[in-house]
J.: 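Just passing along the structure, written as C-alpha cells.
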There are 2 protein chains.
Amino acid sequence: MDHRKRKPALIKKQMDFREPGKTAEKILAAARKVFAENGYSGTHMDEIAARAGVNKATLYYQIGDKDTLYANVIHQVLGNVAQDIAESVAKADNPEEKLKIYINCIASAVDENPEIPPIMMREMASGGTHLPRVVAEDMASVVTILLGILEDGTHKGIFVEKAPFLIHMMIVGTILFYKKGAPIKEKQLWLPAALKSRDKKLMGSLGDEVGRLVLRAIKK
Amino acid sequence: MDHRKRKPALIKKQMDFREPGKTAEKILAAARKVFAENGYSGTHMDEIAARAGVNKATLYYQIGDKDTLYANVIHQVLGNVAQDIAESVAKADNPEEKLKIYINCIASAVDENPEIPPIMMREMASGGTHLPRVVAEDMASVVTILLGILEDGTHKGIFVEKAPFLIHMMIVGTILFYKKGAPIKEKQLWLPAALKSRDKKLMGSLGDEVGRLVLRAIKK
DNA sequence: CATATATTTAACCATCTGGTTAAACCTTAT
DNA sequence: ATAAGGTTTAACCAGATGGTTAAATATATG
C-alpha cells in the first residue's frame with residue numbers, strides 16, 4: 001500500500017515482542033532500527049529481514065505487512081511514555097515540581113530510546129497521518145497533563161499564562177532537535193570552537209537544563 | 001542512487017529557476033511540494049513530472065537526477081534564510097533587540113515557506129547527511145550569529161549564560177514543531193477544548209511569542 | 001526559407017520491492 | 001515412531017520506479 005494513502009494505521013496484528021530471542025522480537029528490534037534510520041518509505045522489508053537474520057517470508061508470516069510492522073514499531077517506541085509521565089507527575093504536588101518531572105520524563109524517554117527523535121520528527125513532518133490511533137491518543141493525553149499543570153500553576157499565581165500547546169511543542173521540539181542536532185554539529189569541523197565548548201557544560205542532564213529554561217520562561 | 005548511500009549532495013547542475021513560467025521553474029516548484037509532502041524516498045519522479053505538467057524525460061533533461069533535484073530544492077528553500085538573518089540582525093544594536101529579530105526572521109521564513117518544516121525535520125531525522133555543503137554552512141553561519149548575540153548579551157550582563165546551540169535548537173525546534181503540530185492538533189477532535197482555545201490567543205505572531213518566551217528564559 | 005540547435009515527448013528498460021507460494025523443517029502430543 | 005500443526009525457507013511474481021533513447025517539435029540563426 002502506498003504510504004501516503006495509508007488509512008490511519010490500525011494495529012492489525014499484535015505481536016508478542018516481549019519474549020527476547022523469539023523471532024517476532026528479533027524482527028521488531030531490527031525494524032525499529034531500520035525505520036528510525038530510513039523512515040517508512042526508505043525502509044525495505046528485505047533489509048529488515050536481513051538485519052533480523054530471518055527469511056523475508058518469516059517476517060510476513062509473523063507480522064502481516066509493512067504497515068502493520070510500522071504501526072507496531074511506533075506503538076512500542078512511543079506507547080509507554082504517556083503512562084510513565086502520568087504516573088511520575090502524580091507523585092509531585094506543586095506545579096513547578098510537576099513540570100520539571102514532565103520534562104525529565106520526556107527527556108529520559110528519548111535518552112533510553114534513540115529511535116524516538118527520528119521517528120517522531122518524520123511523523124510530524126508527514127502531518128501525523130499514519131500514527132496509530134492509540135498512539136495519537138496517548139500523545140494527546142500527555143498534552144492534557146501539561147494543560148493541567150499549567151492551569152494549576154497559573155491559578156496559584158506561580159506561572160504566567162502561556163499557550164499550553166506551544167509550551168509542549170517547545171519542550172518536545174527542544175529536546176528532540178537537540179538530541180538529533182548535537183551529533184550533527186560535532187561533525188561540522190568548521191564551526192567556531194566557542195559553539196562546541198559552550199555546549200559541553202550543559203550542567204546536569206538535558207532534561208534538567210530544558211526544565212530550567214522552560215521554568216524561567218513561564219515563572220512569574 | 002540509494003538515498004542512504006548518497007554522497008554529501010553537491011549541486012551538480014545549477015538550475016535557473018528564477019524565471020517563472022520556464023520549465024525548470026515549474027519543475028522545481030512541483031518538486032518542492034512533493035518532496036515536502038513525501039520526503040526523499042517517498043517522492044517519485046513521475047509524480048513530480050505530472051504535477052509540473054511536463055514529461056519525465058524533460059525533467060531529466062533539465063535537471064539530471066533525483067539527487068540533484070533534491071539538492072536544488074533544499075538550496076532554494078533554505079539557502080536564503082541565512083543571509084536574511086545576518087542582514088536584519090545587523091540593523092539592531094542591543095542584544096535583546098537582535099535576539100527578537102533573529103527569532104522573527106526564522107519564524108517568518110517558515111511562514112512564507114511552508115516547505116521548510118517538513119524538509120528540515122526529515123533532514124534532521126536522517127542526521128543531516130544529505131544537506132548540500134552550501135546549506136550546511138549557511139546553517140552554521142546562522143548559529144554563529146546567535147553565538148555572537150548571546151556572548152554580547154552575557155558580557156553586558158543582560159543575559160544569563162546558556163549553551164548557544166541549545167538555545168538555537170530551542171528556537172528552531174519550537175517554531176517548526178508548532179507550525180507542523182498545530183494543524184494536527186486541530187484535527188484531533190477528542191482533545192480537551194481548553195487546549196484549543198488557549199492557543200488561539202497567541203498574541204501577535206508565533207515569532208513574537210517565541211521571542212517573549214526565549215527572552216524570559218535567558219534574561220537576567 | 002533553410003539549417004542548426006535546443007527542448008520535449010512517447011515508448012522503453014533494468015532493477016528493485018512488497019508480497020506470495022509450496023515445499024521443507026521443527027516441535028509436540030499421542 | 002508418526003501424525004498434526006506450527007514455523008521457516010528458497011524461489012518466485014507483478015507492479016512500481018529511476019533513468020534512458022531516439023525521434024519529433026520548437027526556436028533561433030544564417
J.: To the nearest Å, how far apart are A:Y60 OH and C:dG18 P?
T.: 6 Å

J.: What class does the angle between the rings of B:Y70 and B:Y40 fall in, given that below 30° is parallel, 30 to 60° is tilted and above 60° is perpendicular?
T.: perpendicular

J.: With a 4.0 Å cutoff (strictly under), does any side-chain N or O of A:H44 reach OP1 or OP2 of C:dG18?
T.: yes

J.: Taking CG from A:N38 and C1' from C:dT17, how many angstroms apart are they, rounded to a whole number?
T.: 14 Å

J.: Tell me: NZ of B:K22 to C1' of D:dA26, nearest whole Å?
T.: 14 Å

J.: Less than 4.0 angstrom from a charged side-chain N to a carboxylate O is my criterion; do A:R51 and A:E47 meet it?
T.: yes

J.: Start with the C-alpha gap between B:T58 and B:N55, add the side-chain angles, then the distance that decides, and say whether side chain to side chain donor-acceptor pair (under 3.5 Å) holds.
T.: CA-CA 5 Å; B:T58 300; B:N55 186 281; 4.9 Å; no

J.: Return the value, rounded to whole Å, for the distance between atom CD1 of A:I63 and atom C1' of D:dT7.
T.: 13 Å

J.: Once you round it to whole Å, what is the distance between C1' of C:dC13 and CG of B:D46?
T.: 14 Å

J.: Tell me the interatomic distance from B:K66, atom NZ, to C:dT15, atom C1', rounded to whole angstroms.
T.: 14 Å

J.: Give a yes-or-no answer on whether the side chains of B:T68 and B:D65 include a donor-acceptor pair shorter than 3.5 Å.
T.: yes

J.: Pairing donors with acceptors under 3.5 angstrom, does anything connect the side chains of A:S141 and A:D138?
T.: no

J.: What string of B, S and - do you get for nucleotides 7-12 of chain C 5' to 3' if you count protein non-hydrogen atoms under 4.0 Å?
T.: BBBB--

J.: With sequence neighbours excluded, tell me which residues meet side-chain hydrogen bond (donor to acceptor under 3.5 Å, both in side chains) with B:S88.
T.: B:D84

J.: From CG of B:D65 over to P of D:dG19, roughly how many Å is that when rounded to an integer?
T.: 5 Å

